[in-house]
Engineer: 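Pasting in a structure now, in structure tokens, and then I'll have a few things to ask.
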Amino acid sequence: MGLLDILLGRSKPVAPDLDQLFALPSAAVTLEAATGFTPTGAGAVCFASVEGAAFEQLHRELRALLDADTDRTGPPVELHRDGYGYSWLVSRRSPGRLPELVNDLHAVNTSLEANGFGPQLLCSLASFTDGAGRSLALVYLYKRGTFYPFAPLPGAAERRDTALELQLKAVLDGDLRVEPDLGRWFPLWGAPGL
């Protein structure tokens, strides 16, 4: 960053820090103690759609890598495309295996990044639910290196529980690097795994 950038008020973009994902298991303990939300065992990585042989080869390699885990039941990674044109790689584990799910999300992000697909990465999420049937996603913004909670209202068409999201921001602030700009707390309507 040069002197001209400083004078014009430009800031250097935050570099992605995928190791922040490893804070999710301890944040989940705090989340459960404070609010009753527990992991569902589902997580996903979202990226701008990519076509071609290079991505198909990478997807096969990711499936083979994650399929090597003998504790897993069902498909290791499912590829979904949402109604907005984004692609999602979804991993499912048993609800008590959040550290393993985080390892899956980290491996998918790292592999995409290492194979030149880093600019297409958008976010990752881990799903939670509570006894009242509410859903929650803790979303990691790849390009910001921060998290935010996303809480869709049950049964409501594209409405979110902003009061709960703000409550969760306060609960998780010491465990996760929470995104301070609420304008970047994007809704993830129809996200697989949520």
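When a residue number appears, it is its place in the shown sequence, counting from 1.
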Engineer: Any idea which heavy atoms bring Y84 and E158 closest together, and the distance?
Structural biologist: OH-OE2, 3.3 Å

Engineer: Any non-hydrogen side-chain atom of C123 less than 4.5 Å from a side-chain atom of Y142?
Structural biologist: no

Engineer: Would you indicate whether the side-chain heavy atoms of L136 and P149 approach each other to under 4.5 Å?
Structural biologist: yes

Engineer: Write down the atom of A44, the atom of P192, and the distance for their closest heavy-atom approach.
Structural biologist: CB-O, 3.9 Å

Engineer: So do D19 and H106 actually touch side chain to side chain, heavy atoms under 4.5 Å?
Structural biologist: yes

Engineer: Give, for atom CG of L24 and atom CG of L105, the distance between the pair rounded to the nearest 0.5 Å.
Structural biologist: 8.0 Å

Engineer: May I ask you to decide if P180's main-chain N or O and K169's side chain share a donor-acceptor pair within less than 3.5 Å?
Structural biologist: no

Engineer: Rounded to the nearest 0.5 Å, how far does CZ of F22 lie from CG of N103?
Structural biologist: 5.0 Å

Engineer: Nearest 0.5 angstrom please: L121 CG to L141 CG, how far?
Structural biologist: 12.0 Å

Engineer: Ignoring hydrogens, what is the shortest heavy-atom contact between L98 and P25? Give both atom names and the distance.
Structural biologist: CD2-CA, 3.8 Å

Engineer: Any side-chain heavy-atom pair from L182 and L166 closer than 4.5 angstrom?
Structural biologist: yes

Engineer: Given side chains that start at C-beta, do those of L176 and Y140 come closer than 4.5 Å, heavy atoms only?
Structural biologist: no

Engineer: Any side-chain heavy atom of F150 sitting closer than 4.5 Å to one from L194?
Structural biologist: yes

Engineer: Is it the case that more than 12 heavy atoms not belonging to Y86 sit under 6.0 Å from its OH atom?
Structural biologist: no

Engineer: Specify the closest pair of heavy atoms between S26 and A23, including all atoms of both residues, with the distance to one decimal.
Structural biologist: OG-O, 3.1 Å

Engineer: Could you check whether any side-chain N or O of D130 sits under 3.5 Å from a backbone N or O of A132, counting only pairs where one atom can act as donor and the other as acceptor?
Structural biologist: yes

Engineer: If you define the side chain from C-beta out and look only at heavy atoms, does anything of R184 sit under 4.5 Å from T146?
Structural biologist: no

Engineer: How far apart are the closest heavy atoms of G193 and R92, and which atoms are they?
Structural biologist: CA-NH1, 4.0 Å

Engineer: Do you reckon V102 sits in the same ILVMFWY cluster as V29, going by side-chain contacts under 4.5 Å, direct or chained?
Structural biologist: no

Engineer: Might you point out which heavy atoms bring R134 and T129 nearest each other, and give the distance in Å?
Structural biologist: O-OG1, 3.0 Å

Engineer: Do N109 and S124 make a side-chain contact, defined as non-hydrogen atoms from C-beta onward lying under 4.5 Å apart?
Structural biologist: yes

Engineer: Could you grab the distance from atom CZ of R97 to atom CG of D104, nearest 0.5 Å is fine?
Structural biologist: 10.0 Å

Engineer: What's the separation between atom CZ in F186 and atom SG in C46, rounded to the nearest 0.5 Å?
Structural biologist: 11.5 Å

Engineer: Over 60° means perpendicular and under 30° means parallel, so tell me whether F47 and F55 are parallel, tilted or perpendicular.
Structural biologist: tilted

Engineer: Between the side chain of W185 and the main-chain N/O of E179, is any donor-acceptor distance below 3.5 Å?
Structural biologist: yes

Engineer: To the closest 0.5 Å, what do you measure between OG (S87) and CD (Q120)?
Structural biologist: 10.0 Å

